Amino acid sequence: MATLTTQSADTTPQSRALRSTVARKFLMALTGIFLVAFLAMHMFGNLKLLMNDSGAEFDAYSHALRQFLVPILPPYFFLTLFRIVLGAAVIIHMGLAIDLTLRDRKVSGVGFKRYVQRRYLEGSFAARTMIWGGIIIALFLVFHLLQFTDQIIKVGYSAGDPAVDQPHLRVILGFQNWGIYAIYFVAMLAVCLHIWHGFRSAFSTLGWRVGNSSTVVIKVCAWLVSILVFVGFMLVPTLIAFGVITQ
């Protein structure tokens, strides 16, 4: 007697596609591009400290983020919503990275040990340290928010000082401390190594690498973006640390 076998919802082509490695890499690429776009916006905002206006433009930019679309929206509404979206992107990106790493190790197995060793030797330093770099970046992000946004970590000032209400003073006082400067230097190195490798991987996943010429273009763009981010973020802290930008 023949029996009828039905396919459960968990084994449909659509559900399998959503759980596939390709789908995870695609989503990881999209979240990575979103995070790089955020870094670019944040970087240009920081560069307002280069203007010779005693930090007025930077303070206006900082306060505008908190009052964006007021009175249509309540104060801090947009900034809070943006932080939730940004946090979700970071969590999704990190979760996918961990999942893909575990999948890769599981698929490689003992039988492919020699292949894995060869790939490790051929891979870049950035590729081999993506997970550790991601952990450093995540810890740094928490530190950064605690210092400059929530002001739980106060460097160079205390409660009641003018720096509490003047963002440019908080930045200047922070980077006059060489320990803080060193933390940001190492963190930005990790960020840019992450971008350098992730940029190439993302656009390869999205199907933009279709030949030798496109591969070269993607590699050059990865270098340019990572160098631009490092210089853009470290320029102001370096000028502050060496006394070029002062209060």
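In what follows, every heavy atom counts, from backbone to side chain, and hydrogens, waters and symmetry copies are set aside. For clarity, every value in this text was computed on a predicted model and none was experimentally measured. Position 1 is the first residue of the sequence, and the numbers go up from there.
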F38 and F82 aromatic ring geometry - parallel, tilted or perpendicular at 30°/60° bounds: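 F82 and F38: tilted rings.
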Aromatic ring pairing Y181/F175, orientation class (parallel under 30°, perpendicular over 60°, tilted between):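 The arrangement is perpendicular - the two ring planes meet at more than 60°.
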Between CG on residue L65 and OG1 on residue T149, distance to nearest 0.5 Å: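 Reported value, rounded in 0.5 Å steps: 10.0 Å.
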Atom pair CZ/CG of F58 and D53 - distance to nearest 0.5 Å: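 Reported value, rounded in 0.5 Å steps: 11.0 Å.
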Would you kindly confirm whether [X] and [Y] end up in one hydrophobic cluster when ILVMFWY residues are joined by side chain heavy atoms under 4.5 Å apart?
{"X": "L69", "Y": "Y76", "result": "no"}
{"X": "V220", "Y": "W196", "result": "no"}
{"X": "W178", "Y": "V244", "result": "yes"}

Donor-acceptor under 3.5 Å ([X] side chain, [Y] main chain):
{"X": "T31", "Y": "M28", "value": "yes"}
{"X": "K154", "Y": "Q151", "value": "yes"}
{"X": "Q147", "Y": "V155", "value": "no"}

For [X], side-chain hydrogen bond (donor to acceptor under 3.5 Å, both in side chains) partners two or more places apart:
{"X": "D59", "answer": "H168"}
{"X": "R83", "answer": "none"}
{"X": "T80", "answer": "none"}

Validation: residues 222-234 side-chain donor-acceptor distances under 3.5 Å, sequence neighbours left out:
unit_1	atom_1	unit_2	atom_2	d
S226	OG	A222	O	2.8
S226	OG	W223	O	2.9

Shortest non-hydrogen contact between I136 and A190, atoms and distance: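 Minimum heavy-atom contact is CG2-CB, 4.1 Å.
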More than 12 heavy atoms from other groups under 6.0 Å of CZ on F185: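 It does not: F185 CZ has 12 such atoms or fewer within range.
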Neighbour count >12 (heavy atoms, 6.0 Å) for atom CG, N52: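 It does not: N52 CG has 12 such atoms or fewer within range.
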Side-chain donor-acceptor pair present, Y157, Q166, cut-off under 3.5 Å: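 Short answer, no.
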All N/O donor-acceptor pairs, side-chain side in residues 42-50, below 3.5 Å, sequence neighbours left out:
none

Output field: ring centroids F140/Y184 closer than 6.0 Å: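 Here the rings of Y184 and F140 have centres that are less than 6.0 Å from each other.
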For residues [X] and [Y], determine if any side-chain heavy atom of one lies less than 4.5 Å from a side-chain heavy atom of the other.
{"X": "D161", "Y": "L173", "result": "no"}
{"X": "V171", "Y": "F148", "result": "yes"}
{"X": "I33", "Y": "F203", "result": "yes"}

Test ring pair (Phe, Tyr, Trp, His ring centres under 6.0 Å) applied to Y61 - qualifying residues, sequence neighbours left out: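 In terms of ring pair (Phe, Tyr, Trp, His ring centres under 6.0 Å), with neighbours along the sequence ignored, Y61 is linked to no residue.
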